[in-house]
Amino acid sequence: VQLQASGGGLVQAGGSLRLSCAASGRTFSSYAMGWFRQAPGKEREFVAVISWGAGSTNYADSVKGRFTISRDNAKNTVYLHMNSLKPEDTAVYYCAASYTIATMAGEYDYWGQGTQVTVSS
């Protein structure tokens, strides 16, 4: 599976962005899809994950209630809808694919290239 993340940009605090991650390959619906982020000088951290059929999701406490993960298996795409953005959300955001509904980066087999999100105060 090859993953291509897009949709990042510069936004003011309180604003919204929608990230997209397009996947190649015919087995997209077999994978749980996750979003991670990495800020400068920090380790990559889990943001959200969605199961194969979108019936189950999990979020980091820091984004719960503000971010929503969704997927469209017909379009081989997973989304991250980000609302009420804060400066501390500034990071490079990565999408990833896993055979399990995982929150640890090491459990993901495929990674996209990342898209920069910058939230100004």
Side-chain angles (χ1 to χ4, degrees):
V1 176
Q2 291 186 323
L3 305 174
Q4 180 78 31
S6 62
L10 174 64
V11 63
Q12 288 188 331
S16 300
L17 279 175
R18 187 185 76 166
L19 305 184
S20 299
C21 176
S24 64
R26 294 174 289 178
T27 59
F28 174 74
S29 60
S30 300
Y31 295 94
M33 296 297 298
W35 286 96
F36 288 76
R37 65 186 182 186
Q38 188 167 18
K42 295 188 176 181
E43 293 189 355
R44 191 168 298 190
E45 65 172 357
F46 167 75
V47 175
V49 61
I50 188 166
S51 62
W52 311 267
S56 178
T57 58
N58 192 11
Y59 296 91
D61 288 343
S62 59
V63 306
K64 204 170 289 184
R66 299 188 298 122
F67 291 12
T68 302
I69 189 170
S70 63
R71 67 190 295 165
D72 185 338
N73 286 342
K75 295 182 178 180
N76 280 11
T77 302
V78 62
Y79 304 98
L80 186 67
H81 306 260
M82 306 185 295
N83 297 318
S84 302
L85 283 161
K86 304 175 182 180
E88 50 264 44
D89 294 318
T90 294
V92 176
Y93 282 71
Y94 299 89
C95 59
S98 174
Y99 286 110
T100 63
I101 305 171
T103 61
M104 301 295 290
E107 296 183 76
Y108 283 77
D109 302 287
Y110 303 97
W111 290 84
Q113 87 290 357
T115 184
Q116 176 71 47
V117 172
T118 303
V119 184
S120 62
S121 58

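- Judged as a ring-ring contact (aromatic ring centres under 6.0 Å, His included), not a single pair has a partner in residues 48-67 (not counting sequence neighbours).
- Through side-chain heavy atoms spaced under 4.5 Å, either directly or across other Ile, Leu, Val, Met, Phe, Trp or Tyr residues, Tyr79 is tied to no other residue.
- Residue Phe28 comes nearest to Val78 through the heavy atom pair CZ-N, 4.1 Å, listed as atom of the first residue, atom of the second, then distance.
- Here the CD atom belonging to Glu45 is positioned 9.5 Å from the CD atom belonging to Gln38, to the nearest 0.5 angstrom.
- Within the 4.5 Å cutoff, no side-chain heavy atoms of Val119 are placed close to those of Glu88.
- Hydrophobic clustering, with ILVMFWY side chains joined whenever heavy atoms are under 4.5 angstrom apart, keeps Leu19 apart from Val49.
- For CD of Gln2, the number of neighbouring non-hydrogen atoms (other residues, nucleotides, ligands) closer than 6.0 Å is 12 at most.
- Sorted by first and then second residue, the disulfide (SG to SG under 2.5 Å) pairs involving residues 36-82 (not counting sequence neighbours) form an empty list.
- Under the 4.5 Å side-chain heavy-atom criterion for ILVMFWY residues, no single connected hydrophobic cluster contains both Trp111 and Val1.
- Minimum heavy-atom separation, Ala60 to Phe46: CB-O, 3.4 Å.
- For the pair Ser121 and Pro87, the tightest heavy-atom approach, listed with the atom from each and the gap, is CB-CG, 3.8 Å.
- Asp89 has its side chain within reach of Arg66: a pair of non-hydrogen atoms, C-beta onward, lies under 4.5 Å apart.
- With sequence neighbours excluded, no residue satisfies salt bridge (Lys or Arg N to Asp or Glu O under 4.0 Å) with Arg71.
- For residues 110-121, there are no salt bridge (charged side-chain N to carboxylate O under 4.0 Å, His left out) pairs, not counting sequence neighbours.
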Side-chain donor-acceptor distances from residues 99-109 under 3.5 Å, at least two apart:
| from | atom 1 | to | atom 2 | distance (Å) |
| --- | --- | --- | --- | --- |
| Tyr99 | OH | Tyr31 | OH | 3.0 |
| Thr100 | OG1 | Ser98 | OG | 3.3 |
| Tyr108 | OH | Ala102 | O | 2.6 |

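- From Met33, atom CE reaches atom CG of Leu80 across 11.5 Å, with rounding to the nearest 0.5 Å.
- For the pair Lys75/Ser20, no side-chain contact is recorded, criterion being any heavy-atom separation below 4.5 Å from C-beta on.
- A salt bridge links Lys64 with Asp61: at least one charged nitrogen is closer than 4.0 Å to a carboxylate oxygen.
- Heavy atoms only, all atoms of each residue included: Leu3 and Cys21 are closest at CB-SG, 3.9 Å.
- Here the straight-line distance linking atom CD of Gln116 with atom OG1 of Thr90 works out to 7.0 Å at 0.5 Å rounding.
- Under the 3.5 Å distance criterion, the side-chain polar atoms of Thr57 are left unmatched by any main-chain donor or acceptor of Ile50.
- In plain terms, the two heavy atoms of Ala5 and Cys95 that are nearest each other are CB-SG, 4.1 Å.
- The minimum heavy-atom distance between Asn83 and Ser16, with the atom names listed, is OD1-OG, 2.9 Å.
- Hydrophobic clustering (ILVMFWY, side-chain heavy atoms < 4.5 Å, transitive): Val92 and Leu17 are in distinct clusters.
- Hydrophobic clustering (ILVMFWY, side-chain heavy atoms < 4.5 Å, transitive): Met82 and Val47 are in one cluster.
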